[in-house]
Amino acid sequence: MADFIIGIDGGGTSCRAAVADPHGAILGRGKSGAANILTDPNNAINSITEAAEAAFRDAGIPPANVAKACAFLGLAGTNVGNLTQYVRERLPFRHTDIDSDGLIALQGAIGDSEGSVAILGTGTIFMARKAGTVHYIGGWGFMIGDLGGGARLGHALLQEALLAHDGIHPRSAVTEAILTEFKNDPTAMVEFARLSKPGDFGRYAPLVFQYAEQKDPGALALVEAAARSVNEALDAITTIGGNERLCLLGGLAPLYPAWLEPRHRAILVEPQADALTGAVALAANRFHARNGGAAA
């Protein structure tokens, strides 16, 4: 029987872990790099293991005890492809349950209640719980999905900077900032983009919002386009989850409200807890279910 439970929140930018006792009381936390199993499953495995071991060290428990733990992982990329089993078989935990990062976010934000949640981070995914059923919209990854997410927004900024460099679009303060960073060398930007993962693009998203708040026309156009995608998705998810409760989560959650339609701003509520807390709660539920409903 496992002595500990672990909750994991793995996204395209970072991976967070919390070790808890079987009742869900958190003992320690850890953090590591990106853990998107769709874009880089092997790196995700390393990040998950590193975050879990860091959480044990933070709790003052020898990291070798990760092998005794029941873990619940909410990971980006689980809804695409067949990599979940590949990752599960290579993780060090005694028992491993894997679901989407959306599910742990939903659980943390609204518990067992009904309502809607949007994760606005490196990628985007929208969820609702209605009549006990969880519904998902989006979360299809950087290549053809994640509209409004940080990776797509950062990618669009680099694209716009190249258009400005070539004289196709007018220059603005935000494109000048990017061109300056790359020393006005478009080949350096192309090489960066060739080697980059979603999280690398995503780190430029806050810059776009910063310049948009200053009314920079280039940044405004990018944020307004991203916000249109988010508002469309919120229309769809609140049609399912109802118009009473909407939580925004993820790194861009504090930046988006000013750009949302009034109908969405009107139902925004603060989340009860974060996604990592949701992962721990689900880990505890699975632990109790696996052990006949009783904690060790």
Side-chain angles (χ1 to χ4, degrees), residues 5-20 29-55 66 69-109 117-127 134-146 149-152 197-202 249-253 271 273-287:
I5 62 172
I6 299 175
I8 300 283
D9 174 18
T13 303
S14 65
C15 179
R16 299 184 301 148
V19 59
R29 300 172 186 266
K31 186 175 182 180
S32 62
N36 187 316
I37 67 173
L38 179 63
T39 57
D40 194 339
N42 291 316
N43 185 67
I45 292 165
N46 292 335
S47 294
I48 292 162
T49 304
E50 289 170 6
E53 291 176 348
V66 298
C70 286
F72 192 99
L73 289 69
L75 302 180
T78 58
N79 61 334
V80 182
N82 58 356
L83 292 168
T84 300
Q85 186 64 28
Y86 175 88
V87 171
R88 182 185 291 110
E89 292 172 349
R90 288 160 177 78
L91 290 172
F93 313 117
R94 176 172 293 185
H95 297 291
T96 305
D97 292 302
I98 300 178
D99 211 304
S100 75
D101 54 347
L103 180 62
I104 62 171
L106 180 73
Q107 185 68 33
V117 168
I119 301 180
L120 307 172
T122 303
T124 55
I125 187 169
F126 304 83
M127 298 140 290
V134 177
H135 304 264
Y136 296 87
I137 291 176
W140 300 119
F142 173 69
M143 296 303 294
I144 56 173
D146 286 348
R152 292 294 292 261
K197 294 183 171 59
D200 300 317
F201 291 113
L249 302 171
L252 299 184
D274 65 4
L276 185 57
T277 303
V280 171
L282 291 169
N285 289 344
R286 295 295 176 89
F287 176 89

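By convention here, the first residue in the shown sequence is residue 1.
Taken to the nearest 0.5 Å, the CD1 atom of Ile8 stands 12.5 Å off from the CG atom of Asp97. One distance of note links OG of Ser47 with CD1 of Ile37; it measures 12.5 Å at 0.5 Å rounding. A distance of 12.0 Å separates CG of Leu83 from CZ of Arg88, quoted to the nearest 0.5 Å. One distance of note links CD1 of Ile5 with NE2 of His95; it measures 13.0 Å at 0.5 Å rounding. A distance of 10.0 Å separates CG of Asn46 from CG of Leu91, quoted to the nearest 0.5 Å. Rounded to the nearest 0.5 Å, atoms CG (Asp40) and CG (Asn36) are 8.5 Å apart.
When all heavy atoms of Gly278 and Gln107 are compared, the closest pair comes out as O-CG, 4.0 Å. In terms of heavy atoms, Val19 sits closest to Ala55 at CG1-O, 3.6 Å. Closest approach of Gly10 to Asp101, counting heavy atoms only: O-CB, 4.1 Å. The shortest non-hydrogen separation linking Leu252 to Gly121 is CD1-O, 3.8 Å. Contact record, Arg29 with Leu276: NH1-CD2, 3.6 Å, taken as the closest heavy-atom pair. The heavy-atom pair separating Ala35 from Cys15 by the smallest distance is CB-CB, 3.8 Å.
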* To do: Determine, step by step, whether Thr124 and Asp146 satisfy the side chain to side chain contact (heavy atoms under 4.5 Å, CB included) criterion, reporting the C-alpha distance in whole Å, the side-chain angles of both residues, the deciding distance to 0.1 Å, and the verdict.
  => CA-CA 5 Å; Thr124 55; Asp146 286 348; 4.2 Å; yes
If you apply the rule side chain to side chain contact (heavy atoms under 4.5 Å, CB included), what do you find for Val66 with Thr49, and how did you get there? CA-CA 9 Å; Val66 298; Thr49 304; 5.8 Å; no
Problem - Stepwise side chain to side chain contact (heavy atoms under 4.5 Å, CB included) test for Phe93 and Ile48 - result: CA-CA 10 Å; Phe93 313 117; Ile48 292 162; 3.9 Å; yes
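The shortest side-chain heavy-atom distance between Thr122 and Phe142 does not fall under the 4.5 Å cut-off. Between Met127 and Ile119 there is a side-chain heavy-atom pair separated by less than 4.5 Å. Arg286 has its side chain out of reach of Cys70: every pair of non-hydrogen atoms, C-beta onward, lies at least 4.5 Å apart. Using a 4.5 Å heavy-atom cutoff, the side chains of Phe72 and Asn285 are not in contact. With contacts defined as side-chain heavy-atom distances shorter than 4.5 Å, the pair Leu282/Asp99 does not qualify.
If you check the side chains of Asp274 and Thr277, you find a donor sitting under 3.5 Å from an acceptor.
No donor-acceptor distance shorter than 3.5 angstrom exists from the side chain of Arg152 to the backbone of Phe201, with no hydrogens or angles considered.
Screening Ile6, Asp9, Ile98 for a side-chain contact (heavy atoms from CB on, under 4.5 Å) involving Leu73 leaves a single residue, Ile98.
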